[in-house]
Structure formats: structure tokens, C-alpha cells
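Comments concern the structure below.
Atom set for the values below is all heavy atoms of this structure, side chains included, hydrogens, waters and symmetry mates excluded. Being a predicted model, the structure only gives us computed values, none of them experimental. The chain is numbered in sequence order, starting from 1.
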Amino acid sequence: MRMAGNLQSARRRGQRRGSALVLTIIVAVIMTGLVMTLSWAASVQAQNTEKLALMDQAFYAAEAGGQRVAWYCKNGKMASITSPLTGLVNGYAYSTSWSTVAGSTLRITSRGSLGSVSYTLYETVAPPVPQPPLAAIVSGGDFDGKNFDIN
């Protein structure tokens, strides 16, 4: 009986000897899959970050074009430029056009781009309202007008 028990025990040990190897291989495959998934996700995030940086640069180029037209509008020099107004900012091209919305208010459309990356910006700009001229001299109290001439 004792010999039969030892024989059965030896058979069980023989059956279990390969189980650690199989378990190790399964864990290694799962870990490899996790590492590959994480590296792929990191790669996708890096590409998205790069695209966002390029998009920011296209935005700033579009903003430069819009601000340029806004400056002409606010300084009363719209007659000196023609639509579309184009230019370059750090290699990014902008093209800015405008149309009159109401009175002298302008609707500005500016597009900054480089290759396949572009950003379109919309602004509404109105020239400043003319103010009446301010008085050159304001005086109070007893003004006698001595010691200077008023022309």
C-alpha cells in the first residue's frame, strides 16, 4: 500500500512539473501584450501632441492676419489695402479677407496654414467712434489772461 501511494505521488509530481513553465509563458504573453498596448498608446499621444503644436502655430498665423486687418480698420486706413491680405509668420502663411457687416463694421476671416495643417479664425471689428475734440484750455476761478497769447 505504501508503494502504491509513492507511485501515485510520483505520477502527480510528474504531471505538475510542466505547469510552472506553462504559467510563466502565459504571464509573459500577457505582459508583452500590455507593454505593446502601452507603447502604442504613448505613440498615438505623441503624434496628437505634435499635431496640436502645429495647430497652435497655424492659429497664431491666422491671428496675425486678423490683427493686421483690425489695425488698418481701427486706424482708418482700409482704403490702402485690398482683400485678401496675405503674409508669412514663421513659415506659416495667412490669408485674410473681410466683408462689411453693418455700417463700417467688418467681418474678418483669417486662415493660417502650413501643409495639411490649417486654422480658420473669424473676428468682427468696428472702427472707433469719433469723439468730439476736447477743449484746449479749461479754466476755473479768476482767469485774467496775462502772460500768454491765445491763437
Side-chain angles (χ1 to χ4, degrees), residues 1-140:
M1 186 131 150
R2 185 168 189 158
M3 194 178 265
N6 285 341
L7 188 59
Q8 286 179 347
S9 173
R11 284 184 187 160
R12 276 190 237 143
R13 272 186 299 216
Q15 290 172 351
R16 288 186 292 181
R17 283 186 79 178
S19 65
L21 179 62
V22 170
L23 185 61
T24 303
I25 290 172
I26 290 172
V27 169
V29 166
I30 291 171
M31 293 300 288
T32 302
L34 286 173
V35 168
M36 290 176 66
T37 301
L38 288 173
S39 67
W40 172 79
S43 169
V44 168
Q45 289 299 322
Q47 290 172 354
N48 287 342
T49 301
E50 181 183 355
K51 288 178 184 176
L52 285 174
L54 295 174
M55 184 68 74
D56 283 346
Q57 293 174 8
F59 165 77
Y60 288 121
E63 179 72 15
Q67 289 297 316
R68 189 172 169 200
V69 172
W71 182 89
Y72 281 105
C73 177
K74 290 185 179 194
N75 289 297
K77 300 182 186 260
M78 288 303 293
S80 64
I81 60 173
T82 59
S83 181
L85 186 65
T86 60
L88 288 173
V89 176
N90 292 334
Y92 281 76
Y94 64 82
S95 177
T96 306
S97 59
W98 57 91
S99 60
T100 304
V101 178
S104 56
T105 301
L106 298 179
R107 169 80 169 167
I108 300 171
T109 303
S110 184
R111 183 171 191 257
S113 62
L114 177 67
S116 64
V117 178
S118 67
Y119 189 91
T120 303
L121 177 76
Y122 302 97
E123 294 183 66
T124 303
V125 177
V129 177
Q131 299 292 325
L134 298 174
I137 297 176
V138 176
S139 106

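- Judged by distance alone, the side chain of T105 and the main-chain N or O of V101 form no donor-acceptor pair under 3.5 Å.
- One finds the CG atom of L85 at 4.0 Å from the CZ atom of R68 (value rounded to the nearest 0.5 Å).
- Without hydrogens or angle criteria, S43 side chain to S39 main chain gives no donor-acceptor distance under 3.5 Å.
- V117 has its side chain out of reach of K51: every pair of non-hydrogen atoms, C-beta onward, lies at least 4.5 Å apart.
- Residues Y92 and L88 have side chains not in contact (no heavy-atom distance under 4.5 Å, counting atoms from C-beta outward).
- The CG atom of L121 sits 8.5 Å away from the OG1 atom of T109 when rounded to the nearest 0.5 Å.
- No side-chain heavy atom of Y72 sits under 4.5 Å from any side-chain heavy atom of V125.
- Between the CD atom of Q67 and the CD1 atom of I108 there is a distance of 8.0 Å, given to the nearest 0.5 Å.
- In the displayed structure, N48 atom CG is contacted under 6.0 Å by more than 12 heavy atoms of other residues, nucleotides or ligands.
- Separation of atoms CD1 (I30) and CD1 (I25) is listed at 12.5 Å; rounding is to 0.5 Å.
- Considering all non-hydrogen atoms of both residues, G112 and A62 come closest at N-CB, 3.4 Å.
- Side-chain polar atoms of S118 and S113 form no donor-acceptor pair below 3.5 angstrom.
- Distance check: E123 CD to L106 CG gives 10.5 Å after rounding to the nearest 0.5 Å.
- For the pair A64 and V89, the tightest heavy-atom approach, listed with the atom from each and the gap, is CB-CG2, 3.8 Å.
- Of all non-hydrogen atoms in A126 and C73, the two that sit nearest each other are C-SG, 4.2 Å.
- Separation of atoms OH (Y94) and OG1 (T86) is listed at 7.0 Å; rounding is to 0.5 Å.
- Listed here is the closest heavy atom pair of W98 and I81: CH2-CD1, 3.6 Å.
- Looking at residues two or more places apart in sequence or on another chain, you find a ring-ring contact (aromatic ring centres under 6.0 Å, His included) between Y119 and F59.
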